[in-house]
Structures are given as C-alpha cells and as structure tokens.
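The next block holds one structure in the form of structure tokens; read it before the comments.
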Amino acid sequence: HKIASLGDIPSIKQLISLSIDKNMANLLSKNELEASRESMGLDTTLIKDQTYFLIYKDNLLIGSGGFSFRETLFGGNHTPNRSDHLLDPNKHSAKIRAMYTHPNWIRMGVGSLVMSLGEQAAKNLGFKKCELMATQSGKLLYETQGYKTIESILYEANSGKTVPMVRMEKDI
C-alpha cells in the first residue's frame, strides 16, 4: 500500500468508476445507481491531507480509501454540503472515507486492510471513534469490522434521485 498523491488521480478515478458500476449494480435500481454516482467520487482533500491509501497487487490498483480529520462525512469534490472544518479528536469522530475495491478483488481482505490503515492513522491522531456513511455494497464490510448503525437515510442527489445509505460508528 501507499499514500495517494495527486499524480494517482487518473487511476483512482478509474477504480471509483469500476467499483460503482460493478460492485453496486446488482444491489441498486438504475435511479439509485445514478444517485450514487452523484453522491460518491474523488475527494482530493483526502489526497492533499495525505490520509488516502491505495492498495496494489503487483501494478494493479485494487483498493482505495482512507480517513479524514475534517467535517465532511462522504462524497467527492462535486458533492454539496462539504465542510473542510477541522475536527477535535476529543469531541468528534474521524471520518472513514472514499472506500472503493476493484470488482475482481471484493471479499478478499482489501477493504479490511484499508479500514485498519485508516482507523490506526486516526487513532494515532488521538481520535477515539470513527464514523462513516455506508453504501449498500459496503455495509456488510463495516458491520464485520465492528461498526454499528446510527441512522439510515435516503440521500437525495441534485437530480432528485435517491439512494439509501447508513451512517455508522465504531470506537477505536
């Protein structure tokens, strides 16, 4: 694994697209999948903060994800309601963010590795909890990693299309 750099953006975007199109297609309706594309995507703040991890098998990018010490819970650069305000580790949860796995590598430990890297890095900064917004394809992974549901929401994209999501939290 390595920390992502701005030069990795093209390969990250390719992984995100593959992950959304293949890993979520069987779980969501066409409209929900379109809403997912509007709510998910690349957040370059994570790259600039050096909190975004890339997982490789040989030279193939097979997974990505990380954590944030900023207020935004989910979404890409294009997602509305973003906030770059810094979080206080004594009051707030770190945010596990932007988890994507290559379709050929799901259920092989890639997501678990990314989770452990992000949680450990957040813990090293003094955070005691992590929270995330789970998609339908990620919810099982997060549950197996000890995350508990806080609330279920129906996210409404700018297009008016909706997709179910689940806000989850874990003590670290």
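Position 1 is the first residue of the sequence, and the numbers go up from there.
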TODO: May I ask you to decide if Asn90's main-chain N or O and Asp88's side chain share a donor-acceptor pair within less than 3.5 Å?
DONE: yes
Task: ring pair (Phe, Tyr, Trp, His ring centres under 6.0 Å) pairs, two or more places apart, involving residues 26-61 - done: none
Open item on the list: Between Asp43 (side chain only) and Thr45 (backbone N and O only), is there a donor and an acceptor less than 3.5 Å apart?
Closed with: yes
TODO: Output every pair passing ring pair (Phe, Tyr, Trp, His ring centres under 6.0 Å) with a member in residues 138-172, not counting sequence neighbours, ordered by first then second residue.
DONE: Phe74-Tyr155
Task: Salt-bridge contact Lys123-Glu119 (side-chain N to carboxylate O under 4.0 Å) - done: no
Task: Results of side-chain contact (heavy atoms from CB on, under 4.5 Å) for Leu113 - residues two or more places apart only - done: Ile55, Ser116, Leu117
TODO: Spell out, yes or no, whether Leu42 and Leu73 are grouped together once hydrophobic residues are joined by side-chain heavy atoms under 4.5 Å, including indirect joins.
DONE: yes
Task: OG-CG distance between Ser36 and Leu27, expressed to the nearest 0.5 angstrom - done: 10.0 Å
- [ ] Determine whether the side chains of Asn77 and Thr44 contain a donor N or O and an acceptor N or O closer than 3.5 Å.
- [x] yes
Open item on the list: Test of understanding: clusters of I, L, V, M, F, W, Y form through side-chain heavy atoms closer than 4.5 Å, transitively. Do Leu132 and Ile153 belong to the same one?
Closed with: no
Open item on the list: Quick one, Asp171 and Lys128 - any side-chain contact, counting heavy atoms below 4.5 Å?
Closed with: no
Task: Under 3.5 Å: donor-acceptor pair, side chain of Lys161, backbone of Glu156 - done: no
